[in-house]
Amino acid sequence: MKVVVPSNLGWLEDQLCQEEQLRLWDYIGKATRNAKPNLLGHITESLYLDDTDNWFFDNVLTRFIERYGRTFGNMGDNYPVSEPAPYKLESFWYNKQRQHEFNPFHNHYGVYSFVAWLNIPYDWREQYALTEANDGGSASNFEFMYTNILGQQTVHKYQLDHFSCGTMLFFPSQLMHGVHPFYESDGERISVSGNINLDTYSGVI
């Protein structure tokens, strides 16, 4: 008996080291430009980040891009460009969310996107206990949504708690994702996100 599993795209998950997390906190501390008008969701604060000297791109994002290409194929090959182009960090921002705030399911523009959590002020087990929804548990989750081989809407849940701090997800920008509200916590959920696109103006590979 042969088991056949069709090929499909996925995403990458990794833990940022302390140096990488501290670099993101440093960027947040220097951020001033409001990103909320260009973002979806109920969010206390969103500010654009500056990747000083391309440090985060060169030291973190490049390894994700290369690993994704080796595992699933280079997503940039699917874009109609006349010549090969390198990748660039198109946009980069952080979100601060308080209780009851959320991001509905949405996708991004570009080739790849990412999210990294720097602070989670709750435990998903406690959050589940606070709600009575009959959906198997979704309060405070980050979730990916996609269509399975039967055409059914499917979600993959990331149940967040303190141990999620430093976790980074890297995924195709068109993949639908969202984050649910949390309750009865005065803390702040801090995440960093960004979009990676082809640099079609550079003229170099």
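- Relative ring orientation between Phe144 and Tyr158 is described as perpendicular, the plane-to-plane angle rising above 60° on a 0-90° scale split at 30° and 60°.
- Within 6.0 Å of CG on Asp186 lie no more than 12 heavy atoms contributed by other residues, nucleotides or ligands.
- No donor-acceptor pair closer than 3.5 Å links the side chain of Asn54 to the backbone N or O of Phe57.
- Nearest heavy atoms, Asn59 versus Glu20: O-OE2, 4.1 Å.
- Between His106 and His177, the two ring planes are tilted [angle within 30° to 60°].
- The aromatic rings of Trp93 and His108 lie tilted to each other, with the angle between the two planes from 30° to 60°.
- Clustering ILVMFWY residues whenever any of their side-chain heavy atoms sit less than 4.5 angstrom apart, transitively, puts Leu169 in the very cluster that holds Ile120.
- Remark: Tyr68 pairs with no residue by the side chain to side chain donor-acceptor pair (under 3.5 Å) rule, at least two apart or across chains.
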- prompt: Yes or no on salt bridge (charged side-chain N to carboxylate O under 4.0 Å, His left out) for Arg63 and Asp14, after CA distance, side-chain angles and deciding distance?
  reply: CA-CA 11 Å; Arg63 77 168 184 260; Asp14 200 8; 3.7 Å; yes
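- Contact detail for Asn103 and Leu40: the closest heavy-atom pair is OD1-O, 2.7 Å.
- With a 6.0 Å radius and a threshold of 12 heavy atoms from other residues, nucleotides or ligands, Gln153 has its CD atom above the threshold.
- In this structure, Asn34 and Pro37 approach most closely via the heavy-atom pair ND2-CD, 3.5 Å.
- Closest approach of Gln127 and Phe182 over heavy atoms only: OE1-CA, 3.2 Å.
- Looking at every heavy atom in both residues, Thr167 comes nearest to Gln15 through OG1-OE1, 3.2 Å.
- Salt bridge Arg125/Asp161: present, at least one basic N to carboxylate O contact under 4.0 Å.
- Judged by distance alone, the side chains of Gln97 and Asn95 never bring a donor and an acceptor atom under 3.5 Å apart.
- Gln99 and Ser185 form no side-chain donor-acceptor contact under 3.5 Å, judged by distance and modelled atom types alone.
- His156 and Glu143 form no side-chain donor-acceptor contact under 3.5 Å, judged by distance and modelled atom types alone.
- Ion pairing between Glu13 and Arg67 fails under the 4.0 Å rule for side-chain N and carboxylate O.
- Here Glu101 pairs with nothing under the salt bridge (charged side-chain N to carboxylate O under 4.0 Å, His left out) rule; sequence neighbours left out.
- The salt bridge (charged side-chain N to carboxylate O under 4.0 Å, His left out) check on Arg33 picks up Asp50, with sequence neighbours excluded.
- Figure legend: cation-pi geometry between Arg23 and Trp55, with NZ or CZ positioned under 6.0 Å from the six-membered ring centre and within 45° of its axis.
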message: Does Ile196 form a side chain to side chain contact (heavy atoms under 4.5 Å, CB included) with Leu61? I'd like the steps, not just the answer.
response: CA-CA 9 Å; Ile196 298 166; Leu61 297 178; 4.1 Å; yes
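- No hydrogens or angles considered: nothing links the side chains of Tyr183 and Ser140 as a donor-acceptor pair under 3.5 Å.
- Using the six-membered ring where Trp is involved, Tyr87 and Tyr112 have ring planes that are tilted, between 30° and 60° apart.
- Taking the six-membered ring for Trp and thresholds of 30 and 60 degrees, Phe142 and Phe171 have ring planes inclined between 30 and 60 degrees apart.
- Tyr128 and Gln159 form a side-chain donor-acceptor contact under 3.5 Å, judged by distance and modelled atom types alone.
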